[in-house]
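Okay, here's the structure, questions in a sec.
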2 protein chains.
Amino acid sequence: MKITAQEEYGLRCIIQLAKQKDGEPLMVRDIADREGLSIAYVEKILWTLSRSGIIESVRGPKGGYRLTRPCSEIFIGEVMRALGGIPSSEEICGQFTGNHETCVHHGACDLEPVWASITDFVNSVFDRIPLSQLLQGKLEVKMVQLTPKSQANLVG
Amino acid sequence: MKITAQEEYGLRCIIQLAKQKDGEPLMVRDIADREGLSIAYVEKILWTLSRSGIIESVRGPKGGYRLTRPCSEIFIGEVMRALGGIPSSEEICGQFTGNHETCVHHGACDLEPVWASITDFVNSVFDRIPLSQLLQGKLEVKMVQLTPKSQANLVG
DNA sequence: CATGTACCTGACTGTTTTGTCAGGTACATG
DNA sequence: CATGTACCTGACAAAACAGTCAGGTACATG
């Protein structure tokens, strides 16, 4: 179970945008400096995020990137999914080329419920944390609660 | 956030061993057949698992691999960690080469608490599920409860 | 004690992910 | 309307991961 580089760096970049006052665009060069990444790489990551509509670009002098919404209305889950994100249990099972007869056709997959519970939970946590919360020192989420689906799987 | 092939296939292989009656060793060839994987690949995965002491090999004719303990005493978390596993938040932060001055020295990392909460939870779920539970049709865990550490991070 | 079975292990290849490069396009300003 | 700034984008290079291959070692059996 791995956090990808896109996710880590993508979140860091968008946090830099969230720290910006007003709607002032922030230059790629500044983000790259602050996070210790190359300009080219930051450009690539921001381009990915802008395709999903979470951020937008301002061209020309004094240009840069900025959030399309206030940072209190942008949740980490949305950002993670834009960056490649958390696969669903169906995607995990479909991704691996093993014995599909047992798993898919006979409905005898032992692992699907495990992946379903984990990915469901991760999504539910990420969808509760707005960017604004990351800017404060302390991370807070009102309540940790599983979705009905993962409860059915996990809680006996 | 990705499940690696090692994790998926490693779990599948060890589930096959758990299904075996008594302490009978199961041949690599049989596991490979049942899961639709190559023999060479299954050998590699099982070798990894045997290094961690979860399974052991029996050489010669009628040999194979078997669990070192009853399947009710082997938890998924242990298996996942042997397969490369869930990194800690420290490992995630150390893995990426960005701006360490901000993150490490100034203690101003915005993401560490997020990774800590997620990895903590994933570990706590995996450490509650013994292999024996995967063999039954329904996955059940007594209670979903966060560790004190991740509660402090997530619950305001 | 020879033989066959089946595990053991390092080296190798192919594919995906990560990160770089180079040249192009759009906009603000004077 | 020329110029410089800064985003845009596809193609490429390098590193990590997935999966294969080949030859070796240990054990049970007759």
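Chain A is the first sequence line, chain B the second, and so forth, proteins listed ahead of strands; every chain is numbered from 1.
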Residue whose nearest DNA chain C nucleotide is more 5′ - B/G60 or A/R59: B/G60
Backbone of B/G53 reached by a side-chain donor or acceptor of B/T68 within 3.5 Å: yes
Donor-acceptor pair, distance only, cut-off 3.5 Å: does the side chain of B/D30 make one with the backbone of B/L26? no
At their closest point, which heavy atom of A/P130 faces which heavy atom of A/F75, and how far apart are they? N-CD2, 3.6 Å
Is the phosphate of C/dC8, meaning OP1 or OP2, less than 4.0 Å from a side-chain N or O of B/S57? yes
Can you tell me the distance, in whole Å, between the CD atom of A/E7 and the P atom of C/dG19? 13 Å
Nearest listed nucleotide, side chain of A/V28, among D/dC7, C/dG19, D/dG4: D/dC7
Both B/Y65 and B/K44 contact DNA chain C. Which one's nearest nucleotide lies toward the 5' end? B/Y65
What nucleic acid atoms does B/S50 come within less than 4.0 Å of, heavy atoms only: base, sugar-phosphate, or nothing? nothing
Output the rounded distance in Å from CD1 (A/I45) to C1' (C/dT17). 12 Å
Return the nucleotide paired to D/dA6: Watson-Crick means purine N1 to pyrimidine N3 with N6-O4 or O6-N4, wobble means G-U with N1-O2 and O6-N3, both under 3.5 Å. C/dT25
Assign A/Q6 to base, sugar-phosphate, or nothing according to its heavy-atom contacts below 4.0 angstrom with the strands shown. sugar-phosphate
Between D/dG19, C/dG4, D/dC8, which nucleotide has the shortest distance from any of its atoms to the side chain of B/Y9? D/dG19
Measure from CZ on B/R12 to C1' on D/dG19 and round the result to the nearest Å. 17 Å
To the nearest Å, how far apart are A/K2 NZ and D/dA18 C1'? 12 Å
Using the ring of each side chain (for Trp, its six-membered ring), is A/F121 parallel, tilted or perpendicular to B/F121, with breaks at 30° and 60°? parallel
Phosphate OP1/OP2 of D/dT20: any B/S38 side-chain N/O under 4.0 Å: yes
Round to the nearest Å and state the distance from A/E43 atom CD to C/dT25 atom P. 16 Å
Length of the OH-P vector between B/Y41 and D/dC17, whole Å: 12 Å
For atom CD1 of A/I39 and atom P of D/dC7, their distance in whole Å: 9 Å
So what's D/dG30 paired with, Watson-Crick or G-U wobble, going by both distances under 3.5 Å? C/dC1
For D/dA16, the nucleotide meeting Watson-Crick or G-U wobble distances (both under 3.5 Å) is C/dT15
What is the distance from CE of A/M27 to P of D/dC8, rounded to the nearest Å? 14 Å
Which nucleotide in the set D/dT20, C/dC8, D/dC7 lies at the smallest distance from any side-chain heavy atom of B/W47? C/dC8
If only atom types and distance count, is the side chain of A/R69 paired as donor or acceptor with the main-chain N or O of A/E73 below 3.5 Å? yes
